[in-house]
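So the structure is just underneath, and the comments pick up after that.
The chains referred to below are lettered A, B, ... by the order of the sequence lines, with proteins before strands, and numbering in each begins at 1. It should be emphasised that the depicted structure is a prediction, and the values quoted were computed from it without experimental measurement.
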Amino acid sequence: MRLSKMFGKTLREVPADAETVSHQLLLKAGMVQQVAAGVYSYLPLAWRSLRKIEQIIREEMNAAGGQELSMPVLQPLEIWEESGRDFAFGKGLFTLKDRRDRRLVLGPTHEEVITDLARRNVRSYRDLPLMLYQIQTKFRDEPRPRGGLVRVREFTMKDCYSFDIDEEALELSYQKMKEAYRNIYARCSLEAVVVEADSGAIGGKDSHEFMVIAETGEDEVIYCGDCDYSANVERAECAKSHLEEEALLPMEEVATPGARTIEEVANFLGVTRDRTLKAVFYSADGELIFITIRGDLEVNEVKLRNALKCSELRLASDEEVKEAGLVAGSASAVGLKGIKIVADDSINLGQNFVVGANKPDAHIKNTNYRRDFKVDIITDIAQAEAGHRCPRCGGELRSTRGIEVGHIFKLGTIFSQKQAAFYLDRDGNQKPMVMGCYGIGLGRLLAAAIEQNHDEDGIIWPVPIAPYHVYLCALGVDDQQVVSVSEKLYTELEENGIEVLIDDRNESAGVKFNDADLLGMPVRLVVSKRALKSNSAELKMRRDRESELVPLDEVADRLKELLG
RNA sequence: CGGGGUGUAGCGCAGCCAGGUAAGCGCGCAUGGUUUGGGACCAUGAGGUCGGCGGUUCAAAUCCGCCCACCCCGACCA
């Protein structure tokens with residue numbers, strides 16, 4: 001490709017909107033352009049890179065036994081009602097009506113359609129295992145797109161679905177996919193770590209995310225400094241301290257004027273925060289929920305959402321709290337009626353807690369779960385944080401940020417049950433297929449690759465996903481020899497299967513070098529009067545500082561060797 | 001949805017507070033010339049619904065109201 005003809009120009013100044021490195025570089029390099037919030041056009045350079053990523057994924061999916069197909073973006077709302085996920089996705093679902101007023105959705109994912117396909121076509125255990133995938137556009141009406149290509153509303157995703165006869169077979173498919181994913185990231189020269197994850201709106205049991213560690217990542221990863229435990233903070237657990245056993249004491253009301261926060265109450269009464277129970281109020285799909293958790297811990301809203309199985313969850317407003325007759329700052333589950341109570345299991349890890357008295361400026365000492373109050377749900381809803389103890393080995397937990405570049409789930413029979421996707425086993429019994437699903441966001445992968453491979457001058461493409469291999473820089477295009485040699489090299493390299501972007505523009509050396517660094521092709525090859533004096537071209541790897549002179553007739557071989 | 005911010009040429013910005021000269025600057029773009037190893041220089045030129053609608057006024061980029069778009073934080077989110 002000739003730079004003089006290529007669509008998409010590099011910018012000297014970065015559009016003010018871009019915050020993250022990958023977003024800035026993608027814009028500055030003229031690779032993407034925003035059309036609306038979270039909606040982008042991919043210009044030729046970005047598209048080439050994306051196609052390479054796509055091909056790598058396709059090859060690995062095929063190698064793992066996947067069969068590629070294509071399902072529609074446009075889907076009837078009914079199948080979403082059938083699975084119940086119109087509710088789970090809520091406002092994230094793009095919906096529309098056709099001319100006959102039929103309600104349609106733009107698919108955010110394809111479990112429903114694939115399950116429908118499976119139930120129509122799979123009859124027998126002999127048809128299983130089955131692994132199907134597609135590389136398709138998804139639509140999600142994200143509340144807030146951000147970070148350039150990291151979180152968008154329209155994006156390309158590889159989504160793969162496995163169908164097995166039982167959990168054991170699913171485990172095999174799952175491991176196969178995990179391996180395929182590792183291969184994909186390795187082939188893209190990306191370092192991705194596997195973490196335990198929440199399965200979110202997709203549903204299901206086990207789930208793992210592949211994270212590219214990056215400061216600008218939108219996910220927080222909790223990991224152990226001593227063992228290999230790592231999990232998305234949404235799902236991460238911690239070993240909660242167990243207070244010393246003591247005899248239950250009678251409840252005692254004490255005046256606590258002005259003390260409202262856990263901090264204030266603990267200080268006022270001279271106890272540590274873990275001797276108190278805090279109260280938090282949420283609104284879950286419009287219903288007010290009372291949450292109680294030990295004072296030294298915070299509520300993890302994802303865990304809470306899962307416990308409640310609700311769609312919309314938010315902190316209750318002051319008005320809602322007041323309306324429910326609750327006394328913010330002095331509330332507790334003691335004597336509370338007519339409101340759903342969810343507790344963190346930490347309320348069991350100690351005795352004689354300080355709680356609110358449900359009237360202003362008063363608290364109750366020596367309160368104990370079961371004896372003094374009951375709850376509707378008790379489970380782990382605590383947020384794990386850096387500094388907490390590892391649930392596996394007791395080591396210290398740490399925190400970092402990452403970009404989620406892949407997510408795999410064991411769905412089990414959630415969809416096959418709801419959508420009646422059954423098969424007949426060896427003994428003639430009807431059973432639901434056991435499913436898994438496996439996604440990779442391509443654009444996000446591209447962004448993550450840039451986050452992980454750049455310097456202050458621009459992108460440093462890993463060879464396998466670089467738009468072109470070589471940036472052939474013809475320096476001094478008014479010199480006949482420079483032009484003829486660089487054109488000859490261009491043709492020769494292309495004939496050898498090397499992808500070349502030739503900078504044939506009439507620009508100064510500075511401009512060309514800067515663009516070469518910005519666009520970040522793995523190899524820069526300079527043809528200039530200076531180099532031609534020794535009948536050579538100057539070769540420099542993007543990631544290196546030094547260049548070397550390579551005799552013209554050896555360039556092609558040298559490059560083949562370098563690009564391997 | 002809550003909080004904060006921004007909208008003036010392709011990109012980056014000034015002008016707005018305190019209404020009034022002819023809507024400016026840098027980069028980029030076009031033409032000509034001089035340059036040519038790390039974002040050159042000179043000259044000439046093209047390019048604008050000042051986000052939109054309405055209001056106030058003799059007069060609005062500037063003041064007021066409503067709306068829209070986009071960005072950031074939060075909420076939310078494979």
Sugar-phosphate only, base, or nothing, as touched by A/E19 at under 4.0 Å among non-hydrogen atoms: sugar-phosphate
Against the side chain of A/R314, the closest entry in B/rA40, B/rA75, B/rC77 is B/rA75
Of B/rG37, B/rG38, B/rG28, the nucleotide closest to the side chain of A/R12 is B/rG28
How close or far is atom P of B/rA75 from atom NZ of A/K91, stated in whole angstroms? 16 Å
Mind checking if A/V477 touches a base, just sugar-phosphate, or nothing, with heavy atoms under 4.0 Å? nothing
Classify A/F155 by what it touches in the nucleic acid, base, sugar-phosphate, or nothing, heavy-atom distance under 4.0 Å. base
Looking at A/Y223 versus A/Y229, is the centre-to-centre ring distance below 6.0 Å? no
Can you measure A/R545 atom CZ to B/rG38 atom P for me and round it to whole angstrom units? 15 Å
Any side-chain donor-acceptor pair under 3.5 Å between A/D159 and A/Q134? yes
For B/rG47, give its Watson-Crick or G-U wobble partner with both distances under 3.5 Å, or none. none
Distance, nearest 0.5 Å, that separates CG of A/N514 from CD of A/E507: 11.0 Å
Give a yes or no on whether a donor-acceptor pair under 3.5 Å exists between the nucleobase atoms of B/rG39, that is its base, and the side chain of A/R505. no
Inter-nucleotide C1' distance (B/rG47, B/rG24), Å rounded: 14 Å
Can A/R542 and A/D455 be counted as an ion pair, charged N to O under 4.0 angstrom? yes
Heavy-atom check, side chain of A/F210 versus side chain of A/I440, under 4.5 Å: no
Base, sugar-phosphate, or nothing: which does A/D517 touch, judged by heavy atoms less than 4.0 Å apart? base
Less than 4.5 Å apart, any side-chain heavy atom of A/I414 and any of A/E111? no
In whole angstrom, what separates A/L27's CG from B/rC70's P? 15 Å
Ignoring hydrogens and geometry beyond distance, is a side-chain donor-acceptor pair present between A/S22 and A/E451 at under 3.5 Å? yes
Pairwise P distance for B/rA22 and B/rG32, with rounding to whole Å: 35 Å
Nearest-Å distance, CZ (A/R153) to C1' (B/rC76)? 14 Å
Given the C1' atoms of B/rA18 and B/rC42, what is the spacing between them in whole Å? 40 Å
With C1' as the reference atom in both, quote the distance from B/rC50 to B/rA69 in angstrom, rounded to an integer. 16 Å
Any donor-acceptor pair under 3.5 Å joining the side chain of A/E538 to the base of B/rG37? yes
Applying a 4.0 Å non-hydrogen cut-off, can you work out what A/K28 is touching in the nucleic acid: base, sugar-phosphate, or nothing? base
Polar side-chain contact A/R146-B/rC71 base: donor and acceptor under 3.5 Å: no
Atom CG of A/D457 and atom P of B/rG38 are separated, to the nearest Å, by 14 Å
Tell me, do A/K278 and A/E298 make a side-chain contact under 4.5 Å, heavy atoms counted? yes
Decide yes or no, distance alone: a donor-acceptor N/O pair under 3.5 angstrom between the base of B/rG28 and the side-chain of A/E13. no
Given side chain to side chain contact (heavy atoms under 4.5 Å, CB included), test A/E287 with A/I289 step by step and report yes or no. CA-CA 6 Å; A/E287 180 188 359; A/I289 311 284; 3.9 Å; yes
For B/rG28, the Watson-Crick or wobble counterpart (both distances under 3.5 Å): none
Watson-Crick or G-U wobble partner for B/rG19, using a 3.5 Å limit on both distances? none
Say we look at B/rA23 and B/rA9: how far apart would their C1' atoms be, to the nearest angstrom? 11 Å
I'd like the P distance from B/rA61 over to B/rU49, given in whole Å. 14 Å
Counting only side-chain heavy atoms from C-beta out, which of B/rG37, B/rU36, B/rA75 sits nearest to A/V526? B/rG37
Send over the distance from A/Q24 CD to B/rG12 P, rounded to a whole Å. 12 Å
Between B/rC58 and B/rC41 - P atom distance, rounded Å: 50 Å
Could you tell me whether A/L313 contacts a base, only the sugar-phosphate backbone, or nothing, with contacts defined as non-hydrogen atoms closer than 4.0 Å? sugar-phosphate
Taking atom CZ as the centre, does A/R260 end up with more than 12 heavy-atom neighbours from other residues, nucleotides or ligands that are less than 6.0 angstrom away? no
Applying the 3.5 Å cut-off to both distances, the Watson-Crick or G-U partner of B/rG54 turns out to be B/rC64
Listed pairs, N/O of protein and of nucleotides 8-10 of chain B, under 3.5 Å:
none

Side-chain heavy-atom pair A/H469, A/W461 within 4.5 angstrom cut-off: no
To the side chain of A/R144, which of B/rG74, B/rC77, B/rC76 is closest? B/rG74
Can you see if the side chain of A/Q34 gets near the phosphate of B/rC71 - specifically, an N or O under 4.0 Å from OP1 or OP2? yes
In terms of the nearest nucleotide of RNA chain B, which residue is placed more toward the 5' end: A/E404 or A/V527? A/V527
Nucleotide nearest A/N506 when distance is taken to its side chain, options B/rA75, B/rU36, B/rC70: B/rU36
Please report the distance, rounded to the nearest Å, between CG in A/D17 and C1' in B/rC72. 10 Å
What integer distance in Å separates A/D478:CG from B/rU34:C1'? 12 Å
If you look at every strand shown and take non-hydrogen atoms under 4.0 Å, does A/G90 touch a base, only sugar-phosphate, or nothing? nothing
With a 3.5 angstrom cut-off on both distances, give the Watson-Crick or G-U wobble partner of B/rU6, or none if there isn't one. B/rA69
Please figure out whether A/G148 or A/K9 has its closest RNA chain B nucleotide nearer the 5' end. A/K9
Please determine, for the side chain of A/P15, which listed nucleotide (B/rG38, B/rG12, B/rU35) has the closest atom? B/rG12
Given the P atoms of B/rC67 and B/rG28, what is the spacing between them in whole Å? 41 Å
Partner nucleotide, any strand, of B/rA40 [Watson-Crick/G-U, under 3.5 Å]: B/rU34
Among the nucleotides B/rC70, B/rC13, B/rG37, whichever has the atom closest to the side chain of A/A509 is B/rG37
Which part of the nucleic acid, if any, lies within reach of A/R305 when heavy atoms closer than 4.0 Å are counted: base, sugar-phosphate only, or nothing? sugar-phosphate
So which nucleotide from B/rC13, B/rC29, B/rG37 ends up closest to the side chain of A/E507? B/rC29
Using the side-chain heavy atoms of A/V511, tell me which of these nucleotides is nearest: B/rG39, B/rC77, B/rU36. B/rG39
Short side-chain donor-acceptor distance under 3.5 Å, A/T261 and A/E263: no
Side chain of A/S528: nearest nucleotide among B/rG38, B/rC71, B/rG37? B/rG37
If we call it a pair only when both distances are under 3.5 Å in a Watson-Crick or G-U wobble match, what pairs with B/rG74? B/rC1
